[in-house]
Amino acid sequence: MKESTLGSCIRALRIQNNMTQVQLADILGVTDKAVSKWERDLSYPDIILFPRLADVLGVTVDELLRECRKEYRPSKLHQAFEMSRDIRMPLHIILGLVEVIRNNHDDEKG
């Protein structure tokens, strides 16, 4: 039995939602060729698109990322998504503090 992949999950959910590749591509702002490559597991969607893709297909991001494997090991994409979330939070804090300092510095000059 063939293991299911992210691409086959995207394709099944797209068909279940009565969408063509072109319709899904238009909603996400990508080309239909990109959707075709995702479904054939030739490439993966940009990690930034996962929340929107999951919302459009009516599933959670975790459900979308979970590749059905015998041992239910976390997929590499899921790990990348979690890592990107772990990296984004401190970066947003740092950028926010830089903005506060910049605004405070501008106030002192004026």
Side-chain angles (χ1 to χ4, degrees):
M1 183 166 132
K2 184 182 176 199
E3 297 176 341
S4 67
T5 63
L6 178 62
S8 63
C9 290
I10 291 172
R11 182 175 189 278
L13 289 167
R14 179 184 57 77
I15 292 170
Q16 181 181 349
N17 286 296
N18 297 317
M19 293 171 142
T20 65
Q21 286 181 342
V22 173
Q23 289 170 325
L24 181 58
D26 286 342
I27 291 170
L28 295 174
V30 297
T31 66
D32 58 326
K33 289 181 182 180
V35 174
S36 177
K37 285 183 178 182
W38 300 344
E39 291 183 359
R40 292 180 291 146
D41 291 313
L42 298 177
S43 68
Y44 289 116
D46 189 324
I47 205 74
I48 295 170
L49 289 174
F50 274 82
R52 179 103 192 264
L53 181 60
D55 188 46
V56 167
L57 297 175
V59 295
T60 67
V61 173
D62 285 341
E63 290 170 335
L64 184 63
L65 292 175
R66 187 180 305 122
E67 296 176 24
C68 308
R69 306 270 185 217
K70 289 180 197 172
E71 299 171 13
Y72 294 101
R73 293 178 302 223
S75 71
K76 290 180 182 176
L77 281 173
H78 186 68
Q79 292 170 353
F81 184 77
E82 289 298 321
M83 184 179 3
S84 72
R85 188 182 314 165
D86 291 342
I87 292 170
R88 282 183 296 180
M89 178 64 103
L91 285 177
H92 283 285
I93 292 170
I94 292 167
L95 292 173
L97 289 173
V98 167
E99 188 66 27
V100 168
I101 292 169
R102 184 178 300 150
N103 289 340
N104 190 23
H105 182 66
D106 291 343
D107 289 344
E108 290 176 4
K109 280 184 173 180

Inset, instruction - Verify, without hydrogens or angle tests, whether N17 (side chain) and L13 (backbone) share a donor-acceptor contact under 3.5 angstrom. - result: yes
Legend entry - Shared hydrophobic cluster, Y44 / I48 (ILVMFWY, side-chain heavy atoms < 4.5 Å): yes
Legend entry - Point-to-point distance, once rounded to the nearest 0.5 Å, from CH2 of W38 to CG of D46: 8.5 Å
Legend entry - Enclosure of L95 CG (heavy-atom neighbours >12, cutoff 6.0 Å): yes
Inset, instruction - State yes or no: do I27 and V30 share one hydrophobic cluster built from I, L, V, M, F, W and Y residues joined by side-chain heavy-atom distances below 4.5 Å, directly or via other members? - result: yes
Inset, instruction - Indicate yes or no for a side-chain donor-acceptor contact from R11 to the backbone of R40 under 3.5 Å, with no hydrogens or angles considered. - result: no
Legend entry - Side chain to side chain, I10 and P45, heavy atoms closer than 4.5 Å: yes
Quiz: residues 19-26 side-chain donor-acceptor pairs under 3.5 angstrom, not counting sequence neighbours:
from	atom 1	to	atom 2	distance (Å)
T20	OG1	V22	N	3.4
T20	OG1	Q23	N	3.0
Q21	NE2	E39	OE1	2.8
Q23	OE1	T20	N	2.8

